Amino acid sequence: LLKTHVQPETVLYVSNQDAASILPAFADRLNYTKEGKQIVITLHDLQKNDSDNYVCAEEVENSPLLSAKGTMVLVKDAEGEQACRDSSWVVYSLIIVVALLFSALVCCALYHANMKKYFQKKNTNVVYEDMSYSSRRNTLVR
């Protein structure tokens, strides 16, 4: 197992005779099992400086070349994630406060502009004339 990008070094080397050498920085944090030609490697308690491109390489017989497959490992800082979560709540709170203030401003503007009169039913001027018999008789006599 090789680290190939940030600080190239051999993390784990297992020979055909099952002799293994582990990088001291990973001595307590690396476990591996070997079954035939398959090796399962487990890294635990990863730290931020463990971020790198890890390559499992196999020596090719009679060749200076290696056959390899790699995996990029990115270890995030747990404190940084908490800070991001906390700041997202602050952003959401600010958005809600701004929306409420904007709504209050619109309501005040509509109230002061007396918008009620535009939505009320307009009363038409009505003239009421009493056409009853007693009313007509009084006007006829005069």
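Note that these values count all heavy atoms, side chains included, but never hydrogens, waters or copies made by symmetry. Being a predicted model, the structure only gives us computed values, none of them experimental.
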* Between Arg29 and Asp45, is there a donor-acceptor pair closer than 3.5 Å when you use the side chain of the first and the backbone of the second? -> yes
* **Other residues, nucleotides, ligands: >12 heavy atoms within 6.0 Å of Asp28 CG** => no
* **Value rounded to 0.5 Å, distance of NE2 in His44 from CG in Leu46** => 9.0 Å
* To do: Mark yes or no for whether Asp52, through its side chain, and His5, through its backbone, hold a donor-acceptor pair below 3.5 Å.
  => yes
* Structure fact -> From the list Leu12, Leu43, Leu2, side chain to side chain contact (heavy atoms under 4.5 Å, CB included) with Tyr54 holds only for Leu43
* **Flag side-chain contact, heavy atom, 4.5 Å: Tyr32 against Val14** => yes
* To do: Examine Val75 and Val11 and state if one hydrophobic cluster contains both, with Ile, Leu, Val, Met, Phe, Trp and Tyr joined whenever side-chain heavy atoms are less than 4.5 Å apart.
  => yes
* **With sequence neighbours excluded, residues passing side-chain contact (heavy atoms from CB on, under 4.5 Å) with Gln38** => Val40
* pair Tyr13-Leu1: side-chain heavy atoms closer than 4.5 Å -> no
* For Asn53 and Thr4, test the side chains for any donor-to-acceptor distance below 3.5 angstrom and give the result as yes or no. => yes
* Tell me, do Ile41 and Leu30 make a side-chain contact under 4.5 Å, heavy atoms counted? -> yes
* Honestly curious: do Val55 and Ile39 fall in one hydrophobic cluster under the side-chain, below-4.5 Å linking rule? -> no
* Inspect the surroundings of NZ in Lys48 and state if more than 12 heavy atoms from other residues, nucleotides or ligands are less than 6.0 Å away. => no
